[in-house]
Protein chains: 2
Amino acid sequence: MIEKSTKKRILDAAEKLFALHGFDGTSLRAITTEAKVNLASVNYHFQTKEALVDAVMARRLEVVNRRRLEMLAEAEHAAGANPPRLERTLEAFYRPALELLRSPEAKYFPMLMGRLITETALFQRLFESHLVEVERRFRAAIRRALPDLPPPDLAWRMLFTIGILTQSLAAQPVLQAVLRKASSPCDVDGTVARMVAFASAGLRAPVHKEVGKCAQG
Amino acid sequence: MIEKSTKKRILDAAEKLFALHGFDGTSLRAITTEAKVNLASVNYHFQTKEALVDAVMARRLEVVNRRRLEMLAEAEHAAGANPPRLERTLEAFYRPALELLRSPEAKYFPMLMGRLITETALFQRLFESHLVEVERRFRAAIRRALPDLPPPDLAWRMLFTIGILTQSLAAQPVLQAVLRKASSPCDVDGTVARMVAFASAGLRAPVHKEVGKCAQG
DNA sequence: GTACACTTAAAACGATCGTATGATTGAAAA
DNA sequence: TTTTCAATCATACGATCGTTTTAAGTGTAC
């Protein structure tokens, strides 16, 4: 087989090590050792570590989010004038991320996605370039399916819906002891089905009236 | 007012900076500068950075988890021979963590809890000492409330239930733009009510039969 | 064969990291 | 007053960090 280019070797090694040990916890030397390339080649191909981080994230986020929008568009087309079914909308959001677990090539990336929410600066950079449209389109689709849900509750429930995915991705190395062989992480279809079942029920839950006041803001 | 001890000053500064920038992203020098104490006092009071991290987490996790078990015990007592209501069980899990947001003293800790899941080594250390009993007791309570839920689904749904909290805590600095003023983070009662409504509906969702096979294990 | 652009290599830069050392402080114990 | 000891101080150690420099290869066009 054709040997991988230096650039791709760096991206793959960085993706793996970033996922396992975090961005700050992974040195460029660890990456170049794993990738079996020279240290300076990182700066040659990516200039800085921050740019390498962005490149690692962008490479897969592009694919995942394009697929998400595709599947959402298919769901909307299939529904015609009606709003797409909530379950199908949720699957369009969850599945493209989880499908990566099947690929030996990209299997570390989901764990990395699970880290994204805690990396404030990186998240804000990526949100504008890769997530803002996804958020907008899915919000609109869920809104159409649940027209009676007040916007604040919609916002909170979308956050919870994302949290279901994030937690499952981030927890993979650590919660397998808790999930005592409950279900294998590579059972993508089962995981998607479980997430969709949980999230759709949560999104459809009756809205509690009493919302407390906030003293500070 | 009485000035805080050096040890407490270090813990408070570390809690804040760890929450904002992560463990690897925060140097001991940044902590001692923020705390206005000498660099060497960290090693005098805590020996190593890792021990400081453990101390920062243990200080609040002890309180939060004690309160969780207290509230769960109250719920079980109130229910008598019956299983405690799912809503009350969930509130016992969520509320003690969110109440910290009210306290100026501890307001950074929830964000730090949101980081816990991505710190594999730290999580495993803390799980055995602070979380294993909480997990066991809450699992049992939810199991009693939902006796027909197969154990694998219970495990997954508990993971999702935790994810709702984790995401909300970790996302605070970053998702406020997304949650465009939907609800203020210091509205603890409202947030708890929204989490409980979502999670209880998700936990009670009908179980989808078809669970895919896993090719790899 | 020479010129040229692209890529990789070895080595080192200054900065910053966690940690350790030994002196100094200050108040209680004797 | 003298002794004692926990606490704090300034300082420095060796290691490792991201980044840079300079040179050596590589293939292609002329």
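To find a chain, count down the sequence lines: A is the first, B the second, and so on, and within it residues start at 1. Nothing here was measured: the structure is a model prediction, and the numbers come from that model.
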Nearest-Å distance for atom pair [atom1]/[atom2], residues [X] and [N]:
X	N	atom1	atom2	value
A:His45	C:dA5	NE2	C1'	14 Å
B:Lys8	D:dA7	NZ	C1'	19 Å
B:Phe46	D:dA7	CZ	C1'	14 Å
B:Tyr44	D:dT8	OH	C1'	9 Å

Salt bridge (Lys or Arg N to Asp or Glu O under 4.0 Å) evaluation trace for B:Asp12 with B:Lys16: CA-CA 6 Å; B:Asp12 290 344; B:Lys16 173 179 175 179; over 6 Å; no

Check whether any side-chain heavy atom of A:Met195 sits under 4.5 Å from a side-chain heavy atom of A:Leu90, and report yes or no.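 They are not in side-chain contact.
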
Partner set under salt bridge (charged side-chain N to carboxylate O under 4.0 Å, His left out) for B:Arg137, not counting sequence neighbours: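 In terms of salt bridge (charged side-chain N to carboxylate O under 4.0 Å, His left out), with neighbours along the sequence ignored, B:Arg137 is linked to B:Glu76, B:Glu133.
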
Once each nucleotide of nucleotides 10-22 of chain C is scored for protein heavy atoms under 4.0 Å, what B/S/- sequence comes out, 5' to 3'? B-B----BBBBB-

Does a side-chain N or O of B:Thr6 approach OP1 or OP2 of D:dT8 to a distance below 4.0 Å, or not?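 So the side chain of B:Thr6 is within the cut-off, an N or O lying under 4.0 Å from OP1 or OP2 of D:dT8.
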
Take atom CD in A:Glu128; do more than 12 heavy atoms of anything else shown fall under 6.0 Å from it?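 Not buried by this count: 12 neighbours or fewer within 6.0 Å.
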
Please check: side-chain N/O of B:Thr26 versus main-chain N/O of B:Leu17, any donor-acceptor pairing under 3.5 Å?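 Looks like yes, one N/O pair under 3.5 Å.
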
How far apart are the C-alpha atoms of A:Phe198 and B:Phe198, what are their side-chain angles, what is the distance that settles it, and do they pass the side chain to side chain contact (heavy atoms under 4.5 Å, CB included) test? CA-CA 9 Å; A:Phe198 190 98; B:Phe198 190 98; 4.1 Å; yes

